[in-house]
Amino acid sequence: MSGRARLAWALGVGLLGHGLNRFPVELIPGFDILLGFFLVIPAAPLLGPWGAGLAAGIAASATLQLWGHPWAMVGAMMEGVVLGALTRRYWPLQADCLYWLGGIPYLVISYRLGLGPEVPSSSAFAIALKQALNSLVPALLTQVALMTPVARARLWPLLPPAVRTFTLSSAVSSALLLALTLPLLLVGTLEGRARYAAERRRMDDRGLFTAHLLAETVDAELSTAQSQAALLASVVMNRWEREGERPPPAWLEPLLREWVYHSAFALNGGVGDSAGSLVAIWPPLGVASQPLAASNFADRAYFQDVRRKRAPLVSGVFAGRAAVTGPVMVAVAPLLRQQRFEGFTLLAINLPRMRAVAQERLAPGQRALLVDPSGTVAFDTGAAAGLEPESLGGTSLGEVVAKLPATGTGTYVTEPQAPKLRRTLSARHLATASLLRPGWRIVVEHPMRFMDFSIVGTYRALLATLALALVLAIPITRLLTRMLSRPVEAVAEAAGRMAAGERDVRVFGPRHRPGTEEVEKLGLAFDEMTARLQRHLEEVERASQAKVAFFSIASHELKTPLATLKLRLQRLRPETVRQQDLVLMDRQVDRLARLVNQLLDVSELSSGRLSLARMPLELSTLVRRVAERRAASAPQHALKLSLEPVDGWWDEPRLEQVVYNLVDNAIRYSPEGGPVEVVLRREGGDAVLEVKDRGVGLGPGGGEALFSRALRGGTLSAISRVEGLGVGLYLSREIVTRHGGTIHLAAREGGGTCAIVRLPRSEAPQEA
């Protein structure tokens, strides 16, 4: 794949992966599976390191908006580069496992340092495990897919060398691991969601229980304070009725002192007139040791409410300015004489004590708020008491609480603009319960971070299960591989031994026990094939030996009568037979003798018995004698000799065969006559013999095929008058080669053929 094509594919895969990553699959809140990796990971072996890194970076750029930080994108780019490089030597699953040995620590450190200490190490580790699984699953799927015949047939030119071959054991282990991993991941995911749902239900139940418990406690506290204020009013009115006049401060202050001293619900107590001014109060001194008598509270909402309703009541939350600073609530009762409002009694409710009581009833990590109908917080167990009451109006908590039913649960996020992980970790669980007084609520809040242990525990359990599956898969895979691959390896080994020349090869020995049906059939079929092949080879060898024996016997049998015939012909008297008849008979006998000698030589070559007997020889003399003898029977051809004296150690009879065959071919394949040129020269340490003619030439197929045994080229076979067995050139090449030389044919300009023989001039005899 060219660089431009790889870049185009990287951009395409990255954009598709980016589109898929825009719609993550949420396992549980805060933990998403990105589907884009199921495109990027398979493309890594094909795109190479930089192409895979580019595709992974484009696909993971969606996390900048999804998660609000760049660490996942950087990790994905590094994974693409490493995976693209390592798949040149390793399979995808092995390469991805090697990457995540460093990828998990990178994510844990980057999340901890990049997102702040709010992200605990357990959450960062769980996220790193999730992203590792998000990559390892498509890597495993890719590995199994690349082992299928369809994928290999279509992607073979693009596959790295390391991925082109695999063993049976790796295929079995990959398929087994996939079969174990996918169900475990599915079960682990379902278990994680079920555990999250169970924890959420448990949190809901716990929050509602606490909220109802606190609501009952606060209701009891407020009712008691209200009753105490009404009882105090009745005591004051009884004295008023007996004496006929308002009790003086001297009598009221001791009463208030004893009342507050023996009450666990009141911070102070007071009696006021119909105008809202205090007549008496205990303690008498307020903030900054200022006397409180004669203070006027006519502007307070509770004074106006009690004056209008003329019934005991509990006020809302307001800011204290006299006896108590910070949020204040009071229980107020009217002083009524003949249905005329004469004043009021009040008890400042002990909110710090109520806050402490509520704190005691909370579970670890929980926070409780008492909220009045206006949304003002009476007490907050999770915050320090301030100088001014706090209102939930305009806050995310207030909006969520306003939308909740009187009794119910919900969640809200304290950092809505933070990255998704921090938003998830900052989420709070809410449970609300209403008091008997309309509009009043108890809000119990609990951070949802405590559920991290459940999520991390799920992934740890899943990782432990996968590790256990891998540990179990190793011996199981080895056992299956041993069961499946050993018979196949035995067949391969037997085939190799057979290719090396062994014949008595069998896959199944005498101690073999039947195994799987398919492998058993393969082994038996191979054994049957080798048995048949052995029998066939034996038959071929017997036929070959018989043929060699036939050639040898036929040659010797033919040679003997031919020699006798020639001897008899030579003894005939000239006066009884015409001379031309004798010459013709002698020539035909010579021809038969040559044919028989050629058959004998072919037989010796086939059996490896052809040997050379080297001796000192002056080659030009041999060439002249043989060439002139053969040319004497072809007067239509002009013989041209150009011979240089060349000395060496050669086998004279065999070289006579070579020279005769070459000159004979030049004459026979020049049926129209023409010159035959024979050149012998010394060239370096070699003797070079050239035999040239102006005959039919080599034709389009060239001359190399003419050196095959018993074969004539298409051009030569078209000449019907050419006789012979067609083994002359074959014998000539074998003789020249055994002398350490070379022979070849070349076409001549203007038509014809040139046979060129190069023989080394050995100065000492060498064994053939």
Side-chain angles (χ1 to χ4, degrees), residues 1-25 32-63 72-73 75-101 103 130-166 170-182 185-186 466:
M1 185 185 296
S2 65
R4 289 187 176 180
R6 187 165 297 171
L7 177 61
W9 276 103
L11 292 175
V13 171
L15 291 175
L16 287 176
H18 180 89
L20 290 176
N21 287 341
R22 300 279 295 178
F23 304 96
V25 177
D32 300 331
I33 290 294
L34 300 181
L35 299 179
F37 282 95
F38 285 80
L39 288 179
V40 175
I41 299 297
L46 308 178
L47 297 178
W50 306 119
L54 176 61
I58 296 174
S61 62
T63 61
M73 177 180 172
M77 294 177 64
M78 292 192 302
E79 181 180 6
V81 172
V82 172
L83 197 60
L86 290 181
T87 47
R88 293 296 184 254
R89 299 185 60 185
Y90 302 99
W91 279 81
L93 182 61
Q94 297 170 313
D96 213 34
C97 287
L98 290 174
Y99 166 76
W100 282 107
L101 291 177
K130 182 268 299 181
Q131 294 200 26
L133 291 176
N134 197 172
S135 297
L136 291 174
V137 172
L140 180 57
L141 288 172
T142 301
Q143 179 158 315
V144 174
L146 289 178
M147 291 180 177
T148 60
V150 175
R152 301 181 70 77
R154 294 180 179 274
L155 302 176
W156 179 262
L158 304 177
L159 294 178
V163 184
R164 290 185 175 180
T165 58
F166 60 93
S170 63
V172 172
S173 61
S174 299
L176 180 61
L177 187 58
L178 180 63
L180 290 173
T181 300
L182 291 183
L185 287 176
L186 179 61
L466 288 175

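Owing to the predicted nature of the structure, the values given are computational and were not obtained by experimental measurement.
What you find for N21 and A60 is that their closest heavy atoms are ND2-N, 4.0 Å. W100 and S135 make their closest contact through NE1-CB, 3.4 Å (heavy atoms, listed as atom of the first residue, atom of the second, distance). Taking both residues in full, the closest heavy atoms of A76 and A56 are given as O-CB, 3.2 Å, listed atom of the first, atom of the second, then distance. Annotation for Q143 and Q94: closest pair OE1-N, 4.2 Å, computed over non-hydrogen atoms. The two atoms that bring P45 and P42 nearest to each other are CD-O, 3.2 Å, heavy atoms only. Between T87 and P92, the shortest heavy-atom contact is CG2-CA, 4.0 Å.
The side chain to side chain donor-acceptor pair (under 3.5 Å) analysis of residues 49-62, with sequence neighbours excluded, yields the pairs H18-S61.
The closest side-chain heavy-atom distance from E79 to I41 is below 4.5 Å. A 4.5 Å side-chain heavy-atom check between S174 and L93 finds every atom pair outside the cut-off. Proximity of W9 to L47: side-chain heavy atoms (C-beta onward) are separated by under 4.5 Å at one or more points. Taking 4.5 Å as the limit, every side-chain heavy atom of V25 sits out of range of all side-chain heavy atoms of L34.
We find the CE-OG1 distance between M147 and T142 to be 11.5 Å, quoted to the nearest 0.5 Å. If you take CG on L35 and CG on L16, they are separated by 12.5 Å, rounding to the nearest 0.5 Å. We find the CD1-CG distance between I58 and L11 to be 5.0 Å, quoted to the nearest 0.5 Å.
Contacts of T63 classified as side-chain hydrogen bond (donor to acceptor under 3.5 Å, both in side chains), with partners at least two apart in sequence or in another chain: none. Remark: R22 engages Q65 in a side-chain hydrogen bond (donor to acceptor under 3.5 Å, both in side chains) (not counting sequence neighbours).
Of the candidates L136, N134, L20, N134 is the only one forming a side chain to side chain contact (heavy atoms under 4.5 Å, CB included) with F37. Partner Y90 forms a side chain to side chain contact (heavy atoms under 4.5 Å, CB included) with one of D96, L98, L83 and no other, that one being L98.
A 6.0 Å sphere centred on CZ of F38 holds more than 12 heavy atoms belonging to other residues, nucleotides or ligands. The local environment of CZ in R88 is crowded, with over 12 non-hydrogen atoms from other residues, nucleotides or ligands closer than 6.0 Å.
A donor-acceptor pair under 3.5 Å is formed between the side chain of T148 and the backbone N or O of A145.
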